[in-house]
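Starting from 1, each residue takes its place in the sequence as its number. As the structure lists them, so they are numbered: ligands from 1, and atoms in each ligand from 1.
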Amino acid sequence: MIKVSAPGKIHLLGEHTVVYGKPALLTTIDLRVTVHLRGAKAHLGGVSNLTKIIEPIVKKELKISKASRFALKKIPPYELTITSDIPIGAGLGSSAAVSAAYIGALLVFLKVKWDLNLINKLTFEAEKVFHGNPSGADNKTVIFGGITVPNKLAKNFVLINTGKPKESTKEMIELAKPRIEKILNDQERLVKELLPVIQDGDEKKFIEIIRAGEKNLEKIGVVSPYAAGIIRKIEKAGGAAKICGAGGQTRATGILLTYHKDKKVLEKIAKAENLPYFSTSLGVEGVKLH
Ligand code: PMV
């Protein structure tokens, strides 16, 4: 039995502007997708939509690459089980994680050497099918792992789930496009300032940067009034919060990354809004062959 898992991810900052070549800061969270794969006597049942996306990508690569020990015409039959703790469509990189774990397991099944760069290349192809014009940041993070956030900051994070946005990532990128130019340089500056601030665990500056980064995301229209309302409450209570990923225009925006020196304040706000929330370790290992 082949077992491969991959973590979810969050955007600390730089979503949307990363699509235009600007830097973004992401890290992994300890919610994972796990894929079990083993050879079977025959293909069982119908072919899932995911298989329809993943298999052609892997086949195309193996036909043209020398990585495989055999010229591949057909993939032998196999059984696949996927389990996931990552909420779908909440901006936590579930599509990248499931693709990475599936591709990793399928390559092992086909006797291709475990190679993170190859898994990354093929997962990026799958992300293009899912998201149209992805930056590649999600796949890189869930495969190679994310930056470590010192405990001093990490222990005060709460992820609040506002629900699955009505709009797709593809639609949100289109929606942001006409206004993106206005924030490109400022968001780049903030992302660059954020890295040393996180590494030093500088709480005051961290709050300032997250607040400013969130304002920029609001300027490009990817934060619904509903999510902005919750974020204002957190700011008023002395914390900071931002949408995480593509966002949403109508109501739900996926996960909110929220921070307060007293985590209970965040939990109270989430409860009052009737929203699920959780704490998570950050910077866990990327895709893994067990
Ligand atoms: O919400 P997600 O995980 O699909 O994140 C999208 C982030 C964008 O920057 C909007 C797109 C991308 O490919 O980086």
Inset, instruction - Around atom 4 (O) of ligand 1, find the nearest protein heavy atom and jot down its residue, atom name and distance. - result: Thr169 OG1, 2.8 Å
Contact partition for [X] relative to ligand 1, non-hydrogen atoms under 4.0 Å:
{"X": "Ser135", "answer": "both"}
{"X": "His11", "answer": "side chain"}
{"X": "Lys9", "answer": "side chain"}

With heavy-atom distances below 4.0 Å as the criterion, list the atoms of ligand 1 near [X].
{"X": "Gly91", "value": "1 (O), 3 (O)"}
{"X": "Val18", "value": "9 (O), 14 (O)"}
{"X": "Asp138", "value": "3 (O)"}
{"X": "Pro134", "value": "13 (O)"}
{"X": "Val19", "value": "9 (O), 11 (C), 12 (C)"}
{"X": "Glu15", "value": "9 (O)"}

Please check whether [X] reaches ligand 1 - meaning an N/O of the residue sits under 3.5 Å from an N/O of the ligand, judged on distance alone.
{"X": "Ala246", "answer": "yes"}
{"X": "Asn133", "answer": "no"}
{"X": "His16", "answer": "yes"}

Legend entry - Candidate with minimal heavy-atom separation from atom 5 (O) of ligand 1, of Ala137, Gly245, Gly248: Gly245
Inset, instruction - Hey, could you give me the CG/NZ distance between Asn156 and Lys264, rounded to the nearest 0.5 Å? - result: 10.5 Å
Inset, instruction - Determine whether the aromatic ring centres of Phe109 and Tyr102 lie less than 6.0 Å apart. - result: no
[X]/[Y] ion pair, N-O < 4.0 Å:
{"X": "Glu267", "Y": "Lys271", "answer": "no"}
{"X": "Lys140", "Y": "Glu127", "answer": "no"}
{"X": "Glu208", "Y": "Lys205", "answer": "no"}
{"X": "Glu174", "Y": "Lys177", "answer": "yes"}
{"X": "Glu193", "Y": "Arg189", "answer": "yes"}
{"X": "Lys166", "Y": "Glu171", "answer": "no"}

Inset, instruction - Could you check if a side-chain atom of Phe144 sits within less than 4.5 angstrom of a side-chain atom of Ile119, using non-hydrogen atoms only? - result: no
